[in-house]
Amino acid sequence: MATQTLTRPAARSVSATQLRQPRKKMTAGRAAVLAVAAILAVLWLVPFAWATVTAFKSETDAAAPKVSWIPPSGFTADAFVKVFQDGNIPLWTWNSLYTSAAITVITLAISALVAYALSRIDFRGKKVLMTVIIASIIIPPPVLIIPLFYQMVALHMIDTSWAIILPQVIHPAMVFVLKKFFDQIPRELEEAAVMDGASRMRIFTQIILPLSRPILAAVAIFVFISAWNNFLWPFISTNDGSILTLPVGLQTIKSAYGIQYAQNMASALLAALPLILVFLFFQRQIIKGVATTGLAGT
Amino acid sequence: MSSLATSQDAEREASSLPSQPRRSPSRNNASGSETSSPRRTRDNLNGWGFAAPFLAFFLVFLVWPLLYGLYMSLTGKSLTGANDSLIGLANYAEALADADMWHSLGNTLYFTVISTVPLVLVALVMAALVNVGLPAQWLWRLSYFAPYLLASTVVSLFFSWMYNPQLGLINDSLAKIGLPKVAWLNDPNVAMWAIVIATLWWTVGFNFLLYLAAMQNIPAQHYEAASLDGAGAWRQFFAITLPQLTPTTVMIVLLQVLASLKIFDQVYQMTAGGPSGSTRPVVEYIFETGFTGYRLGYSAAISYIFFGLIVAVSVMQFFITRRRSA
C-alpha cells in the first residue's frame, strides 16, 4: 500500500503517547470516566498528602483531637530536623542503597550467565537444570527463613551485610525471563563470531548482552525494587543498628518515637523519597520493567 | 592446523547458504552426536561453566536451606541448641493438633480470598479508565502506581496513622458524613479488612500496570471494526477488551493468590497479628514459634505445612488454567 509510508509518522506519534487520543470530544461518557479516575487518584494520593501535612505539623498539633489539614499553629519543619539530628535515616538509606545495588548486580550477572547457557548451549543435563529452576519458582521465601537463619549463624554472617545480600540473589523467575529474551535473538548474529572462533564468553559479553539492554534494565528494576522493600529477611538476619536497611530501621523508629506522629510521618516520607524520585526520573523504564517482567514471569 | 582450517572453511561455507534451511540440520548434528566429540565436550564445559555461579548460589542459599529445613522439621531443634536428635514426625503431629496453627492458616486463606477480588477488580477498573484515553497519562500512572514503590514499613506507618481511632483521618471523615467511628485495627471483626484496604492501596498498582500493558497490546482494528458495527463503549469493553484480557487475568489472579498467601509484613507492623490473633497469618506464626518461642524444629514443620498448601494451590491453579485453555 502506498499510503503506508504516509501514515507512518502519524503512527509513531500515537505510539509515543500510546493511548492518549487528543482532540476527542468531551462527551458525557468521557466526563464520567474522568470523574471516576480522578476520585480514585485522589483516594490514592490522600495518604501521601496526609502524611506530608502531618510531618510539617508541630507534635502538639499532630496529636490534637481535632483533625486539621491546616494546623492552628502553622507549618514547621521541626519533625524533619529532629529526625535528621537523632535519626539514622541517612545511614539506613545508604545501607538499603548498597545492599539493593549489590543484590541487583549479582542477580543480573549470575542469572544472565545461566540464562545464556540455557538458551544457546547444548549441554548434558540442560533440561534437568531448566526443570529444577522453573520448579523452584514455587518455593515461598518465608519457608526458608528458619534454616537460612541457622545457616547464617553457622557461616558467622549474621549481623553482616552479606547475610542480607547473599540469599536474595536467587530469582529463578528472572532467569526464565532472560532466557526467553535470549531465545528471540537471531542466531545469525552470533554466527560470524563463532566462525572466527570467538569464545562463548566473548559472544555473550559482546553480542548478547548489548542486544539485551531493555530486558536487563527491566530485570534490574524489578530486582532492585523488591530488594529495597524487602522486610522479613533483613529483619531476621540483622540486629546491629549500623547495618539495618531502611524498612527494618523504620520499624525500630516507630517504637522509639512512641506517639510522636509528626516525626513518624517525617521519617516515613524521607524513607519513601528516594524511590519516588527515581520513579519520577525513570517512569517509562520502571513501568516497562514491571510490565515486562511481570508478564513474562509466567 | 590445516585440517582445523579446512573444517572451519566447511562450516563457513555452510553458513553462507540461506540460514533457515541450514540451521536445523546443524543443530540436529550438535545434539544428536552420540560420541563425545570435542564440540560436545566443549558445550558441556561451557554450559555448566555458565550455569556454575547461579548454581552455586542456588545450591547454597535455596536447595540446602530447603533440605536442611526439612531435616530440622524432624528434630526437636531449638535456638538454644537443645535436643538436636531426630524425633520423626512428632512436630507435624503436634502442628496438626495446634489450634493456633490452624487459626493462622485460616487467617492467611481468609486474607487471600478477600484481598484477591478487589486487587484484581480495582486494577482492571483503573486500567480501563486510563486506557479510554485520559489526558496527562503520567499523572494517573503515578497516582495509582506510586504506592507500590513504598516499603511495607512506610505503608504501615501511613495507615496506622490514618486508622488511629481518635486522631485518624478516616474516622474523622466518617464522622463528618454522619457515620459511626470504627476501631479499625482494634476490632477483631474489622482488623483484617483494615489490612486488606491498606494492602489494596499499596499493591494494586502492580496489577494495574500489567492490565494496562495488556490493554495497549489489543489491536486497534478490533475496536474500529466494532464501532463501525455500532458497538458502544460498554459493548466494546465486554465484547473485545475483557475476552482479550483473559490470559492476563488468569496470570494476575495466579500471581496475586501466591503473593497474598505470603502475607506478613504489613500485618506484623500494623497489628502484630492482633487483636487476639485475628489477623495473625501463618508466616507470622512461623516467625514467632521459631524466633520468639525458640522452637526451630517445630517452626520448620509449620513452614513445610505452609509450603504444602502453596504447592496444592499452585497445582490446583495449574489444572484450572489448563482446562480453560484446552
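It should be emphasised that the depicted structure is a prediction, and the values quoted were computed from it without experimental measurement. Below, chains carry the letters A, B, ... as their sequence lines are ordered, and counting in each starts from 1.
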Inset, instruction - Find the one option among A:Leu129, A:Val36, A:Ile139, A:Leu45 whose heavy-atom pairs under 4.5 Å with chain B are most numerous. - result: A:Ile139
Inset, instruction - May I ask you to decide if the ring planes of A:Trp50 and B:Trp161 are parallel, tilted or perpendicular, using 30° and 60° as cut-offs? - result: parallel
Inset, instruction - Decide if atom CH2 of B:Trp48 counts as having more than 12 heavy atoms of other residues, nucleotides or ligands within a radius under 6.0 Å. - result: yes
Legend entry - Student check: side-chain heavy atoms of A:Phe231 and B:Gln269 closer than 4.5 Å: yes
Inset, instruction - Indicate yes or no for a side-chain donor-acceptor contact from B:Asp172 to the backbone of A:Lys66 under 3.5 Å, with no hydrogens or angles considered. - result: no
Legend entry - A:Pro247 backbone acceptor or donor facing B:Thr153 side chain under 3.5 Å: yes
Legend entry - Among the listed options B:Leu296, B:Leu45, B:Ile302, B:Leu139, the residue most often paired with chain A at heavy-atom distances under 4.5 Å: B:Leu296
Legend entry - Largest heavy-atom contact set with chain A, pairs under 4.5 Å, which of B:Tyr68, B:Trp201, B:Phe158: B:Trp201
Inset, instruction - Quick one: which of A:Arg120, A:Gln168, A:Gln283 has the most heavy-atom pairs under 4.5 Å with chain B, could you say? - result: A:Gln283
Inset, instruction - Give the member of B:Val282, B:Leu67, B:Leu200, B:Val155 that has the highest number of heavy-atom pairs under 4.5 Å with chain A. - result: B:Leu200
Legend entry - Short side-chain to backbone donor-acceptor contact, B:Asn44 and A:Arg124, under 3.5 Å: yes
Legend entry - Salt bridge A:Arg200-B:Asp43, side-chain N to carboxylate O under 4.0 Å: yes
Inset, instruction - Go through the atoms of A:Val132 and report whether side chain, backbone, both or neither lie under 4.5 Å from a heavy atom of chain B. - result: both
Inset, instruction - For A:Ser136 and B:Leu62, run side chain to side chain contact (heavy atoms under 4.5 Å, CB included): C-alpha distance rounded to whole Å, both residues' side-chain angles, the deciding distance at 0.1 Å, then the answer. - result: CA-CA 9 Å; A:Ser136 68; B:Leu62 197 122; 4.0 Å; yes
Inset, instruction - Give, as side chain, backbone, both or neither, the part of A:Ile225 having an atom under 4.5 angstrom from any heavy atom of chain B. - result: side chain
Inset, instruction - Kindly write out the residues that satisfy ring pair (Phe, Tyr, Trp, His ring centres under 6.0 Å) with B:Tyr298, not counting sequence neighbours, or none if the list is empty. - result: none
Legend entry - Test item: A:Trp228 side-chain N/O and B:Ala151 main-chain N/O as donor-acceptor pair under 3.5 Å: no
Inset, instruction - Flag the one option from A:Ala268, A:Pro142, A:Pro167, A:Ala37 with the top tally of heavy-atom pairs under 4.5 Å to chain B. - result: A:Ala37
Legend entry - Closest heavy-atom pair and its distance - A:Pro147, B:Met72: CA-SD, 3.9 Å
Legend entry - Side-chain touch A:Leu280/B:Leu142, heavy atoms, less than 4.5 angstrom: yes
Legend entry - Closest contact, heavy atoms only, B:Leu167 versus A:Val67: O-CG2, 3.4 Å
Inset, instruction - Would you mind telling me which of A:Asn230, A:Ile286, A:Leu148, A:Val278 has the largest number of heavy-atom pairs within less than 4.5 Å of chain B? - result: A:Leu148
Legend entry - Per-residue contact mode, A:Phe48 against chain B (heavy atom under 4.5 angstrom): both
Legend entry - Expected output: side-chain A:Gln151 to main-chain B:Trp64 donor-acceptor under 3.5 Å: no
Inset, instruction - Check each atom of A:Ile121 against the heavy atoms of chain B and say whether the ones under 4.5 Å are side chain, backbone, both or neither. - result: side chain
Inset, instruction - Name all residues meeting the side-chain contact (heavy atoms from CB on, under 4.5 Å) criterion together with B:Pro247; count only those two or more places apart in sequence or in a different chain, and write none if there are none. - result: none
Inset, instruction - Measure up the A:Phe204 and B:Phe50 rings against each other and bin them: parallel (under 30°), tilted (30 to 60°), perpendicular (over 60°). - result: perpendicular
Legend entry - A:Ile236 portion near chain B, given a 4.5 angstrom heavy-atom threshold: side chain
Legend entry - Minimum heavy-atom distance A:Ala272-B:Val154, with the two atoms named: CB-CG1, 4.2 Å
Inset, instruction - Answer yes or no: does atom CH2 of A:Trp69 have more than 12 heavy-atom neighbours from other residues, nucleotides or ligands under 6.0 Å? - result: yes
Legend entry - Heavy-atom pair count under 4.5 Å with chain A, highest-scoring of B:Met126, B:Gln166, B:Arg42: B:Met126
Legend entry - Side chains of B:Leu55 and A:Val114 in contact at under 4.5 Å (non-hydrogen atoms): no
Inset, instruction - Please state whether the side chain, the backbone, both or neither of A:Ala112 comes within less than 4.5 Å of a heavy atom of chain B. - result: neither
Inset, instruction - Pick one of side chain, backbone, both or neither for A:Met201, based on which atoms fall under 4.5 Å of a heavy atom in chain B. - result: both
Legend entry - Check: B:Tyr268 and A:Leu232 side chains under 4.5 Å, non-hydrogen atoms: no
Legend entry - pair B:Leu261-A:Pro140: side-chain heavy atoms closer than 4.5 Å: no
Legend entry - Candidates A:Leu166, A:Leu144, A:Val169 - the one meeting side-chain contact (heavy atoms from CB on, under 4.5 Å) with B:Phe61: A:Leu166
